[in-house]
Amino acid sequence: MSVILGIETSCDETAAAIFEQRLLGNCVFSQISLHEKYGGVVPEIASRSHLEKIGPIVRAALADAEKTIDDIDYIAVTNKPGLAGALLIGLSYAKGLAYAHNKKLIKVDHLEGHIFSSFLHDDGSVRSDIEFPHLSLVVSGGHTSIFLVKNFGEYETVGRTLDDAAGEAFDKVAKLLGLGYPGGPRIEKLARDVGFKDFCQYPRTKQLTKTLDFSFSGLKTAVLYDLVKRGSYDLKEGIIENNLTPELQKEVSSSLLVCITDILTKKMEKALKEFPEAKGITCAGGVACNGYLRDALATMCRKAGKWCVIPPRKYCADNAAMVAFVGKYKGEQQKFETLCLDVYE
Ligand code: KG4
Ligand code: ZN
């Protein structure tokens with residue numbers, strides 16, 4: 001039974017995990033506190049922090065799994081997509097380890113990681129109830145895509161965002177509301193306080209026509225102009241006015257969450273109609289941590305007679321468990337790389 005070390009450094013989490021028949025070790029260092037004051041991820045700070053943390057995190061994952069580097073057969077590493085400088089830290093570290101300890105190297109696409117993260121149970125064992133083909137919604141700060149998943153490692157994109165990602169819409173609106181970064185969890189908390197009501201009814205009808213593609217940049221603009229109209233945001237100076245009350249923050253947050261959830265849920269409903277062979281859906285990525293979205297997708301699937309699997313939150317946000325899991329089946333498929341592997345290859 002092969003043992004895989006997975007490494008993930010594509011954005012602002014430094015993560016390592018060990019997988020054998022099941023997940024044995026899983027460590028994540030989140031850089032949120034480093035980027036918070038800038039209102040978003042600063043690529044140079046991300047790279048520097050990965051460099052500091054990658055060694056300790058890999059060692060912690062090995063210790064967690066009660067393994068040493070000698071027990072590892074394959075090293076799986078995210079090499080795209082993401083911040084090039086951040087990816088480079090994980091990839092260089094993985095290549096160095098592979099060279100020094102004579103291990104085989106496997107490249108993992110970050111999105112493939114998110115797609116297959118749904119196979120992980122909370123305790124790290126592998127689910128056996130996810131059938132192929134199914135549809136997978138990957139929804140994060142950088143991506144909003146729908147995939148038709150035919151087998152392990154076999155998937156095709158059937159819908160994607162044409163501009164911003166859903167998580168980006170949460171983060172940008174949170175900035176307009178002065179809520180800080182990351183926006184998603186803060187917006188969810190405020191929306192919950194007012195019962196997830198749709199006060200502002202932001203536009204979403206255009207989203208629901210023809211294709212399975214998404215567009216979220218107009219939504220951010222709609223919120224911006226709504227705030228300007230209310231006199232709560234000074235467009236010229238780019239500053240928040242004093243009359244942006246906590247009540248208004250909650251109303252905008254709730255309306256935004258309901259709107260984005262409506263768009264995502266209706267698109268998945270449409271995708272299930274377009275691909276009737278799909279037996280169910282999965283959903284992953286940071287935004288899939290959202291409780292309101294999780295409930296809405298589950299309800300839609302129940303009505304459509306399809307299953308819905310959304311992994312535990314620790315596997316939705318960026319992590320290396322999903323990278324190690326993909327590394328496991330790629331290892332079985334003998335999909336190895338040379339040490340010349342670069343980012344974005
Ligand atoms: O997958 P992830 O950790 O990193 C990327 O690959 O982007 O996702 C981060 C994104 C951020 O935009 C964040 O605001 C969003 O996920 N997010 C949420 C929630 N938790 C994180 N969005 C909505 N509701 C949440 N509870
Ligand atoms: Zn991600």
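Here the structure is a predicted model, which means the values were calculated and not measured.
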*Quick one: does Asn79's side chain have a donor or acceptor within less than 3.5 Å of a partner on Asp342's backbone?*
yes
*Do NZ/NE/NH1/NH2 and the carboxylate oxygens of Glu241 and Arg230 come within less than 4.0 Å?*
no
*Pair Glu269 + Lys303, salt bridge at N-O below 4.0 Å*: no
*In Å and rounded to the nearest 0.5 Å, what is the CG to CZ distance from Leu219 to Phe214?*
13.0 Å
*Could Lys236 and Asp234 be called an ion pair, given the rule that one side-chain N must be under 4.0 Å from one carboxylate O?*
no
*Do Ser217 and Asp163 pass the side chain to side chain donor-acceptor pair (under 3.5 Å) test, and can you show the C-alpha distance, the side-chain angles, and the key distance before you say yes or no?*
CA-CA 6 Å; Ser217 67; Asp163 41 57; 3.3 Å; yes
*Taking the side chain as every heavy atom from C-beta outward, state whether Trp307 and Thr282 have any pair of such atoms under 4.5 Å apart.*
yes
*When rounded to the nearest 0.5 angstrom, what is the spacing between NE2 in His134 and CD1 in Ile281?*
10.0 Å
*Is Lys175 salt-bridged to Asp171, cutoff N-O under 4.0 Å?*
no
*With side chains defined as the heavy atoms from C-beta onward, is the minimum distance between Leu264 and Thr144 less than 4.5 Å?*
yes
*Counting distance only, does the side-chain N/O of Ser125 pair as donor-acceptor with the main-chain N or O of His121 below 3.5 Å?*
no
*For Gln21, does the CD atom have more than 12 heavy-atom neighbours from other residues, nucleotides or ligands under 6.0 Å away?*
no
*Answer yes or no: are there more than 12 heavy-atom neighbours, outside Arg186 itself, under 6.0 Å from its atom CZ?*
yes
*Flag the pair Lys267 and Asp262 as a salt bridge only when some basic side-chain nitrogen lies within less than 4.0 angstrom of an acidic carboxylate oxygen.*
no
*Any donor-acceptor pair under 3.5 Å linking the side chain of Glu154 with the backbone of Asn151?*
no
_Return the NZ to CD distance between Lys250 and Glu247, rounded to the nearest 0.5 Å._
6.5 Å
*Would you call the rings of Phe119 and Phe116 parallel, tilted or perpendicular, where under 30° means parallel and over 60° means perpendicular?*
parallel
_Asp123, CG atom: more than 12 neighbouring heavy atoms under 6.0 Å_ = yes
*Decide, yes or no, whether a salt bridge links Asp164 with Lys172 under the criterion of side-chain N to carboxylate O below 4.0 Å.*
yes
*From CG (Asp193) to CD (Glu251), nearest 0.5 Å*: 12.0 Å
*asked:* Just checking Phe336 against Tyr74, ring centres under 6.0 Å apart?
replied: yes
*Answer yes or no: does atom CG of Asn243 have more than 12 heavy-atom neighbours from other residues, nucleotides or ligands under 6.0 Å?*
yes
*Would you confirm whether Lys279, through its side chain, and Phe132, through its main-chain N or O, come within 3.5 Å as a donor-acceptor pair?*
yes
_Any donor-acceptor pair under 3.5 Å linking the side-chain atoms of Asp318 with those of His114?_
yes
*Pi-cation contact, Tyr344 with Lys80 (under 6.0 Å, within 45°)*: no
*Can a donor-acceptor pair be found between the side chains of Thr14 and His50 at a distance below 3.5 Å?*
yes
*Is Lys103 reaching over with its side chain to a backbone N or O of Ile72, donor-acceptor style, under 3.5 angstrom?*
yes
*asked:* Angle between ring planes, Phe152 versus Phe325, binned at 30° and 60°: parallel, tilted or perpendicular?
replied: perpendicular
*Can a salt bridge be assigned to the pair Arg294 and Glu188 using a cut-off of 4.0 Å between side-chain N and carboxylate O?*
no
_N-O pairing of Glu274 and Lys270 below 4.0 Å_ = yes
*Flag, side chain of Lys314 to backbone of Asp122, donor-acceptor distance under 3.5 Å*: yes
*Can you tell me how far CD of Glu345 sits from NZ of Lys107, rounded to the nearest 0.5 angstrom?*
6.5 Å
